There are 2 protein chains.
Amino acid sequence: MTRRRGEIPLLLAMTYRAMTEALHDRIAAEGREPLRPAHGYTFRLLLDRADVTSVDLADHLGVTKQAASKIVAELEGWGYVERRPHPTDGRARVLALTDKGHAYVRHADEMWAEIEDRWAAVIGARRLDDIHHDLRAYVEEVAGGRAVLRPVW
Amino acid sequence: MTRRRGEIPLLLAMTYRAMTEALHDRIAAEGREPLRPAHGYTFRLLLDRADVTSVDLADHLGVTKQAASKIVAELEGWGYVERRPHPTDGRARVLALTDKGHAYVRHADEMWAEIEDRWAAVIGARRLDDIHHDLRAYVEEVAGGRAVLRPVW
DNA sequence: TAAAATGGTCAACCTGATTGACTACCACCG
DNA sequence: CGGTGGTAGTCAATCAGGTTGACCATTTTA
């Protein structure tokens, strides 16, 4: 099949959209809280760093601190995240995953992995390695490694 | 670099997000109307089919007919789309691209192509062909070819 | 030919975001 | 010290894009 120049971005969107939908179907089937991508990106940031504040999160997600604060409030209400006093800065709060939060991340990772596996079953794991490499190359070399993850709207 | 299982969906999101941002920067730099992905998906549908109604568009975008109608109203206001009386159904209107709409699609295709080219410059056109093939395989074989394109959030 | 289904519009509301104003605290420089 | 400017976080108002629900006009079906 020949490729129309400029068609790739659309296919990326369709693929990611379909994968996200698959995940949300599973989350809904489990009767979980309506976790959105922003929540997932939040989890991932809290896993990577131990000193994250709301402002850091806002920056990471590419939203205002008010929006980030709302997300944190939701996650706190569901028991996935805690706000602890900052050790040295009396204004700030440090965000951290609770045990429940950690457990959820492991669970979500497994669901994503299974979704990815269905792709691997069609094209082969080797191909997926290549794609991984190529996507990283775009994000790092073309997009400058900026990891803003807010949804495309 | 070894690949963590389940990492691909996140990378897809980041890549698509970065590409979309690149496009929007260009659109903004040209001083154009704030066209969103939904507008682009609309153009593409109108290119493919000559008898599209608002309900068809709603279905294609995965939104309600009211939401689709608003999008059409915007595009009509900007002169990209026309609503013509339906030849046989007195209730319906047929949507069609104006000349300005067609010109914009050509322009947008070129912009997407250039964004894609920057990726090709890093990983090679051959790799991009493979990715094209693999993405299509996911969309068709795993996601069942459903082409709902509404944004992920 | 009456009843059900469909295309489209209007209006009210929901939600996730924004902007703007404000408080409390920190950091630096005189 | 101490005041001045910057920063973390909250509250409140508003916006934008979407939804639900009611409705009319037309078309399709029984």
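Predicted, not measured: the structure shown is a model, and the values here were computed from it. Computed from heavy atoms alone, side chains included, the values below leave out hydrogens, waters and symmetry copies. Below, read A as the first sequence line, B as the second, and so on, with proteins coming before strands; counting in each chain starts at 1.
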Undergrad: Are more than 12 heavy atoms from other residues, nucleotides or ligands located less than 6.0 Å from atom CZ of B:R118?
TA: no
Undergrad: Using atom NE2 of B:H39 as one end and atom P of D:dA16 as the other, report the distance to the nearest whole Å.
TA: 13 Å
Undergrad: Given that A:D56 and B:K65 both sit by DNA chain D, which one's nearest nucleotide is further toward the 5' end?
TA: A:D56
Undergrad: With a 4.0 Å cut-off, would you call B:R126 and B:D130 a salt bridge?
TA: yes
Undergrad: With axes from five pairs an end, tell me the bend angle of the helix from C:dT1-D:dA30 to C:dG30-D:dC1, nearest 10°.
TA: 20°
Undergrad: Would you indicate what B:T64 reaches in the nucleic acid, counting non-hydrogen atoms under 4.0 angstrom: base, sugar-phosphate, or nothing?
TA: base
Undergrad: Looking at B:R3 and B:E7, is any side-chain nitrogen of the basic one under 4.0 Å from a carboxylate oxygen of the acidic one?
TA: no
Undergrad: Taking atom types as modelled, is there a side-chain donor on A:E33 or A:Y80 under 3.5 Å from an acceptor on the other?
TA: yes
Undergrad: Salt bridge check: are A:K65 and A:D59 linked by an N-O gap of less than 4.0 Å?
TA: no
Undergrad: Which ones in residues 68-91 of chain B lie close to DNA chain C, meaning a heavy atom under 4.0 Å from one of its atoms?
TA: B:S69, B:R83, B:R91
Undergrad: Could you state the atom-to-atom distance from CG of A:L61 to P of C:dG16 in whole Å?
TA: 14 Å
Undergrad: On DNA chain C, check which nucleotide each of B:S54 and A:Q66 is closest to and give me the residue with the more 5' one.
TA: B:S54
Undergrad: Could you check how far OH of B:Y41 sits from P of D:dG18, rounded to whole Å?
TA: 12 Å
Undergrad: Check whether A:L57 and A:V55 end up in the same hydrophobic cluster, where Ile, Leu, Val, Met, Phe, Trp and Tyr are linked by side-chain heavy atoms less than 4.5 Å apart.
TA: no
Undergrad: Would you mind reading off the distance between B:D59 atom CG and C:dT6 atom P, rounded to a whole angstrom?
TA: 12 Å
Undergrad: Does A:E74 pair with A:R36 as a salt bridge, N-O distance under 4.0 Å?
TA: yes
Undergrad: If Ile, Leu, Val, Met, Phe, Trp and Tyr residues are connected whenever their side-chain heavy atoms lie under 4.5 Å apart, and connections chain through other members, are A:V94 and A:L75 in the same group?
TA: no
Undergrad: When you check the phosphate oxygens OP1 and OP2 of D:dG9, does a side-chain N or O of A:R93 lie under 4.0 Å from one of them?
TA: no
Undergrad: Per the salt bridge (charged side-chain N to carboxylate O under 4.0 Å, His left out) rule, which among A:E116, A:E114, A:E110 passes with B:R5?
TA: A:E110
Undergrad: Compare the minimum distances between each of C:dT9, D:dT19, D:dC11 and the side chain of B:V63, then state the nucleotide with the smallest one.
TA: D:dT19
